[in-house]
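Just below is one structure, and these are the notes that go with it.
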Amino acid sequence: MKITKLTTYRVPPRWMLLKIETDEGVVGWGEPVIEGRARTVETAVQEMEPYLIGQDPSRINDLWQTMYRAGFYRGGAILMSAIAGIDQALWDIKGKVLGQPVYELLGGLVRDRMKMYSWVGGDRPADIIEQISKLKEGGFDTFKMNGTEELGLLDTSAAVDEAVRRVAEIREAFGNTIEFGLDFHGRVAAPMAKTLLRELEQFRPLFVEEPVLAEQAEYYPRLAEMTSIPLAAGERMYSRFEFKNVFAAGGLSIVQPDLSHAGGITECLKIASMAEAYDITLAPHCPLGPVALASCLAVDFVSYNAVLQEQSMGIHYNKGGELLDYVINKDDFKIVDGYCAPLRKPGLGVEVDEERVIAASKNAGDWRNPVWRHKDGSVAEW
Ligand SMILES: O=C(O)[C@H](O)[C@@H](O)[C@@H](O)[C@H](O)CO
Ligand SMILES: [Mg+2]
């Protein structure tokens with residue numbers, strides 16, 4: 001079998017799907033994308049083509065190493081997202097050729113169902129109680145929200161109180177009947193992280209995500225020393241070579257690689273195994289589309305340390321397109337009592353609605369995250 005064609009489709013709300021065709025008619029789908037840089041990743045996928053066209057798609061490991069090493073420069077958000085989507089599609093092809101779901105090719109199920117969580121609250125956390133109540137009726141009991149609005153490098157006691165008040169209200173309203181993670185989203189600089197963590201400790205959030213920016217990862221062990229709140233990070237790290245230093249330095253309790261940013265299934269499996277050796281749990285990042293989610297689930301169902309899975313249904317970013325818009329097998333993504341079952345169809349288990357994808361790609365738009373400014377006019381982390 002030989003790879004014959006790669007076709008990318010940028011689609012609303014801010015995703016990109018990749019179709020890889022072969023000379024025997026087997027097709028694989030992937031989701032290479034960096035939110036807000038879809039066109040850049042699209043070009044990176046096109047630049048990877050010479051390594052792929054005419055090659056045997058079953059040789060995923062060799063194709064992965066070639067894409068990673070052959071261009072001399074390596075790593076980073078764009079190249080690793082391009083490799084990620086291609087890798088996902090290659091696994092999809094392999095499973096379809098062998099008539100097996102990807103998780104069977106990776107040693108079979110390590111669990112029967114996977115715990116999912118839902119976003120609430122939007123860019124600036126609001127209406128949290130109401131949104132949690134609604135989702136709770138639908139069976140969710142685990143949520144994530146932004147921990148703060150924009151926050152100054154050195155901000156006020158009032159800003160800290162505002163972040164704490166929101167969390168206090170959640171515990172007040174729901175007690176321990178629900179759990180929630182707080183995503184600091186890189187908005188909190190090191191000078192503020194300790195104060196916020198200390199003040200939030202009493203409400204026992206399930207985790208605090210990106211307590212400081214990934215480029216400040218050396219703070220993770222120091223912050224972990226002063227709080228019992230599990231610290232989570234990983235969506236802005238792109239290969240096991242980045243994660244190894246963070247694991248060795250300590251401080252992380254939860255690692256969140258993104259299956260569409262960190263080299264795909266092949267790479268994230270390695271990251272998951274490395275994390276397990278350090279007793280770090282796995283909660284793949286996935287505010288993206290259905291092929292990305294299916295790839296996450298493939299890794300979740302074979303990784304003992306997988307504990308939580310993000311999914312984007314109802315997320316505040318999904319304007320103009322929802323996770324289930326582009327798949328035929330909508331029921332396979334059903335979340336029952338907050339859990340998702342394995343996708344049992346061959347490959348990634350996603351039946352992509354190609355007609356819908358092609359139609360939607362005609363007006364994909366160019367999603368960008370907002371550019372926030374502090375009161376003094378300087379740019380703020382969004
Ligand atoms: O935890 C999450 O889902 C992420 O922080 C998410 O909010 C961002 O990755 C966003 O998609 C960037 O455009
Ligand atoms: Mg996040």
Side-chain angles (χ1 to χ4, degrees), residues 10-16 31-41 77-78 80-81 84 116-126 128 131 135 140 142-151 179-188 193 196 205-217 220 229-238 246 252-262 268 281-290 292-293 295-296 307-323 364-372 380-382:
R10 280 177 289 105
V11 293
R14 55 181 195 154
W15 305 333
M16 180 158 72
E31 193 170 330
V33 70
I34 278 284
E35 306 94 292
R37 292 288 180 269
R39 286 179 190 274
T40 316
V41 177
I78 300 298
M80 295 309 282
S81 296
M116 314 297 284
Y117 69 84
S118 188
W119 261 92
V120 287
D123 264 352
R124 291 188 173 87
I128 305 270
Q131 291 181 28
L135 286 161
F140 278 101
T142 306
F143 306 91
K144 183 165 85 176
M145 69 210 71
N146 280 305
T148 76
E149 302 187 337
E150 23 323 36
L151 197 73
E179 288 309 328
F180 57 89
L182 297 174
D183 194 343
F184 281 9
H185 218 251
R187 299 172 182 177
V188 178
L196 266 174
L206 190 61
F207 58 86
V208 163
E209 180 172 324
E210 288 201 315
V212 289
L213 283 161
E215 53 261 46
Q216 303 291 357
Y220 295 160
I229 302 174
L231 302 181
E235 67 183 75
R236 288 191 271 193
M237 296 178 204
Y238 307 106
V246 174
L252 270 198
S253 298
I254 304 167
V255 70
Q256 302 170 304
D258 184 298
L259 267 284
S260 283
H261 301 348
C268 288
T281 58
L282 174 72
H285 173 256
C286 190
L288 297 172
L293 180 58
S295 301
C296 291
V307 291
L308 263 183
Q309 178 58 54
E310 181 177 24
Q311 53 76 36
S312 79
M313 282 180 268
I315 202 169
H316 45 297
Y317 304 123
N318 287 0
K319 305 274 184 292
E322 249 307 348
L323 188 124
D366 279 314
W367 183 88
R368 290 277 183 281
N369 60 266
V371 177
W372 283 2
E381 295 287 353
W382 163 66

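Index from 1, following the sequence. Each ligand, and each atom within it, is numbered from 1 in the order the structure gives.
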Which residue is it: His185, His316, Glu149? I am looking for the one with a side-chain contact (heavy atoms from CB on, under 4.5 Å) to Asp123. His316
Quick one: look up the protein heavy atom nearest atom 7 (O) of ligand 1 and list residue, atom name and how far away it is. Tyr317 OH, 2.4 Å
Could you tell me whether the side chain of Leu293 reaches within less than 4.5 Å of the side chain of Met116, counting heavy atoms only? yes
Just to be sure I read this right, does ligand 1 sit under 4.0 Å from the backbone of His185, its side chain, both, or neither, counting only heavy atoms? side chain
I need the single residue from Val208, Val188, Ile229 that forms a side-chain contact (heavy atoms from CB on, under 4.5 Å) with Leu182. Which is it? Val208
Considering only the protein, which heavy-atom contact is closest to atom 2 (C) of ligand 1, and what is its distance? His285 NE2, 3.2 Å
So does Glu150 get a backbone contact from the side chain of Arg187, meaning a donor-acceptor N/O pair under 3.5 Å? no
Of the side chain and backbone of Trp382, name the one, both, or neither that has a heavy atom under 4.0 Å from an atom of ligand 1. side chain
Take the angle between the ring planes of Tyr238 and His261 and call it parallel below 30°, perpendicular above 60°, tilted in between. tilted
Number the atoms of ligand 1 from 1 as they appear, then name those within less than 4.0 Å of a heavy atom of Glu35, with their elements. 9 (O), 10 (C), 11 (O), 12 (C), 13 (O)
Any N or O of Trp367 that comes nearer than 3.5 Å to an N or O of ligand 1? no
Looking only at heavy atoms of Arg14, does any of them come nearer than 4.0 Å to an atom of ligand 1? yes
Donor-acceptor under 3.5 Å (Asp183 side chain, Lys144 main chain): no
Write the atom name of the N, O or S atom in Asp183 that is nearest the Mg ion (ligand 2). OD2
Short list, please: which atoms of ligand 1 are under 4.0 Å from a heavy atom of Pro287? 3 (O), 11 (O)
Would you say the Mg ion (ligand 2) has Glu210 as a near neighbour, meaning an N/O/S atom of that residue under 2.8 Å away? no
Give me the residue, atom name and distance of the protein heavy atom closest to atom 9 (O) of ligand 1. Glu235 OE2, 2.9 Å
Can you confirm whether more than 12 heavy atoms, excluding those of Arg37, are under 6.0 Å from its CZ atom? no
Scan side-chain atoms only and decide if Trp119 and Gln131 contain a donor-acceptor pair under the 3.5 Å cut-off. no
Do any heavy atoms of Asp183 fall under 4.0 Å from ligand 1? yes
Touching ligand 1 at all, Glu209? Heavy atoms, strictly under 4.0 Å? yes
Would Glu210 count as a contact residue for ligand 1, given that I'm defining contact as a non-hydrogen atom of the residue lying under 4.0 Å from a ligand atom? no
Is the terminal nitrogen or CZ of Arg124 (NZ for Lys, CZ for Arg) located under 6.0 angstrom from the six-membered ring centre of Trp372 and within 45° of that ring's axis? yes
Identify, for atom 3 (O) of ligand 1, the protein heavy atom at the shortest distance, and state residue, atom and that distance. Glu310 OE2, 2.5 Å
Of the options Glu31, Gln311, Gln309, which is the one that meets Cys286 in a side-chain contact (heavy atoms from CB on, under 4.5 Å)? Gln309
May I have the angle between Glu209 OE2 and Glu235 OE1 with its vertex at the Mg ion (ligand 2), rounded to 10°? 90°
